Amino acid sequence: MKQDYVLHLADTHLILGQRLGEWCGHNVVLEQDIAMSNIALDLLGQCRSLYQYAAELGGNKQTEDQLAFLRGERQYKNHLLVEQPNGDFAFTIARQFFFDVYHQLLCEELVKCSDKQLQAIAEKSLKEVRYHLTWSSEWMIRLGDGTTESHQRLQTAVNELWMWTHELTTTASYEEALDVPRPSDFKAAWHAKVSAILKEATLEIPAESTKQAGGKEGVHTEHLGFILSEMQMMQRTYPGMTW
Amino acid sequence: MTEQEIFDKKIDDDVRIEPKDWMPEAYRKTLIRQISQHAHSEYVGMLPEANWITRAPTLRRKATLLAKVQDEAGHGLYLYSAMETLGMSRQQSLDDLHSGKAKYSSIFNYPTLTWADIGTIGWLVDGAAILNQVPLCRTSYGPYARAMVRVCKEESFHQRQGFEIMMALSAGTAEQKEMAQDAINRWWWPTLMMFGPKDSESGNSELSMRWRIKRFSNDELRQKFVDMMVPQAEFLGLKVPDEKLKWNAEKNGYDFGEIDWEEFWRVVKGHGQCNKQRLDARRKAHDDGAWVREAATAYAEKRAQREATKKGA
Ligand SMILES: [Fe+2]
Ligand SMILES: [Fe+2]
């Protein structure tokens, strides 16, 4: 049960880190290539701590790499939002911003939870996440209030990503059963923060759209299978080798 | 003393030339050409390695590779800044890269086909880069020399990481060893080409040496590289793909075979496997980013205006 929860956190970090890693070398300007890689590196670092903890909880001598590279798409528990393709820069920024608002709220709660390991991981993450949120909020405002083109691109991204954001503040069965934060408890806080930045960015808050969920329970979009087949290719092709 | 004499004396006394100092036009041009080629190499060089970030075999390797490619982006930035001190803007130098006017190291026009290529690049290519670059920490132009000090520190990390990947492969299964051997087979000669044409055919070398922009000749550095790498390859249990390679006790170094200069010039002139692919990727990133850079400028202007209005009121 607790392993499910930790894996859900780890998977979400890894998949978003993987998506951001796709930008490396191809970003809009060198400075932002570096900034986005930084965020990806933070997420990878956090996911490693989480997988190591999940491995410990499993008690069957699995390693972080086995958990990351040898589970299939129905076992992955990341949010649907983070597996969405990068799209253009506006899309990536909006996805990051929606996630960062959630991530900060989560870490602020996790530092208070009774599990010492999760607490420690969250404490370390919190500093990084605050920086991520500042970075993505600034870009939301810059693009939203920039040119007509950037405004339109970002508004489109916000609208199209909106249905995937719902899942960020849903509570899964394994979360109900544990002494961990319930994301549904910070739904209002997520909306308040997101609305404030969208307003400053002169963007419209999308009308209620269909709500997509399922990632946390292992039911994904078609994108995840492709992410995993690329990411897991080495471990699947050359089983059991040391790299 | 004339300005030229002051300049010459500084060079002779190993005093650094700084951006505000007088310098001969040819010195400035040579520096711009060399630093630009170097900056673009860092920038284009991100691509072949970034090619493996999403497929790295373990989480640790993924993070290390991403951090490495990020370092290369940083190197690009330092060098573009050094160029700006010579009156060459980043935009202008990128335009020259995109139009094909400016060059970058040909090594990045070779494809990264397997994971072993990532290890080999770190080990051999960053290794060659270090040999080329360490003397540049004492190059005569101040901003370039200082940029290189920072760059070199990170390059030696890269080289160690690359070697570590190779060690894991050579301690691995037959398949892994084969992957490592295949990678050195493909990368050895292109890496030797990184030191440039033979001294007898290198037009720019002599003046660069006189101005202490360069401190060792291409052939000297190439020899050093071979002497350094052959024992490392042996340690890894890999065969260097050169039938003529042989220890020469008399010169206390290795004799080695002739580079395929036809291939060298073909790739330099744009006809390697990845020349087009790499430049296309650079142009695409730049073009796709145009609206983002415009938005950032527009927003900065708006904000400055708002601040001004606030102060006025
Ligand atoms: Fe570099
Ligand atoms: Fe490097």
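Proteins come first, then strands; the chains are lettered A, B, ... in the order of their sequence lines, and each starts at number 1. The model shown is predicted, which means the values in this text are computed figures rather than measured ones.
- Distance CE/B:M179 to CE/A:M241: 7.5 Å, rounded to 0.5 Å.
- Heavy atoms only, all atoms of each residue included: B:R293 and A:V28 are closest at NH1-O, 2.9 Å.
- Within the 4.5 Å cutoff, the side chain of A:M231 has no heavy atoms near those of the B:I53 side chain.
- Counting all heavy atoms, side chain and backbone alike, A:I34 lies closest to B:A73 at CG1-CB, 3.6 Å.
- Proximity to chain A is absent for every atom of B:R303, based on heavy atoms less than 4.5 angstrom apart.
- For the atom pair CG (A:N38) and CD (B:Q70), the distance works out to 4.5 Å, reported to the nearest 0.5 Å.
- Taking every heavy atom of both residues into account, B:A298 and A:T147 meet most closely at CB-CG2, 3.7 Å.
- The greatest number of non-hydrogen atom pairs below 4.5 Å with chain B, out of A:R19, A:E22, A:E31, is found for A:E31.
- Annotation: residues 170-177 of chain B contacts chain A through B:T173, B:E175, B:Q176 [non-hydrogen atoms, separation under 4.5 Å].
- Only the side chain of B:L169 has a heavy atom closer than 4.5 Å to any heavy atom of chain A.
- Shortest non-hydrogen contact noted between A:I141 and B:Y299 is CG2-OH, 3.4 Å.
- Put simply, the side chain of B:R55 never gets that close to the backbone of A:M233: no donor and acceptor are under 3.5 Å apart.
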Report task. In sequence, state the C-alpha distance, the side-chain angles, and the governing distance for B:R61 and A:D65, and then conclude on salt bridge (Lys or Arg N to Asp or Glu O under 4.0 Å). Result -> CA-CA 11 Å; B:R61 294 285 185 218; A:D65 289 323; over 6 Å; no
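- Near-neighbour residues of residues 73-103 of chain A relative to chain B, defined by a heavy atom under 4.5 Å from a heavy atom of that chain, comprise A:D88, A:F89, A:A90.
- Counting heavy atoms from C-beta on, the side chains of B:R90 and A:L30 come closer than 4.5 Å.
- Scanning residues 194-204 of chain A against chain B with a 4.5 Å heavy-atom cutoff picks out nothing at all.
- For B:L59, the parts lying under 4.5 angstrom from a heavy atom of chain A are both the backbone and the side chain.
- Residues of residues 125-135 of chain A lying under 4.5 angstrom from chain B, judged on non-hydrogen atoms, do not exist.
- Contact record, A:F69 with B:P57: CE1-O, 3.7 Å, taken as the closest heavy-atom pair.
- Here the side chains of A:Q18 and B:K62 are in contact, with some heavy-atom distance below 4.5 Å.
- Judged purely by atom type and a 3.5 angstrom limit, A:E230 has no side-chain atom pairing as donor or acceptor with the backbone of B:T54.
- When all heavy atoms of B:V69 and A:C24 are compared, the closest pair comes out as CG1-SG, 3.5 Å.
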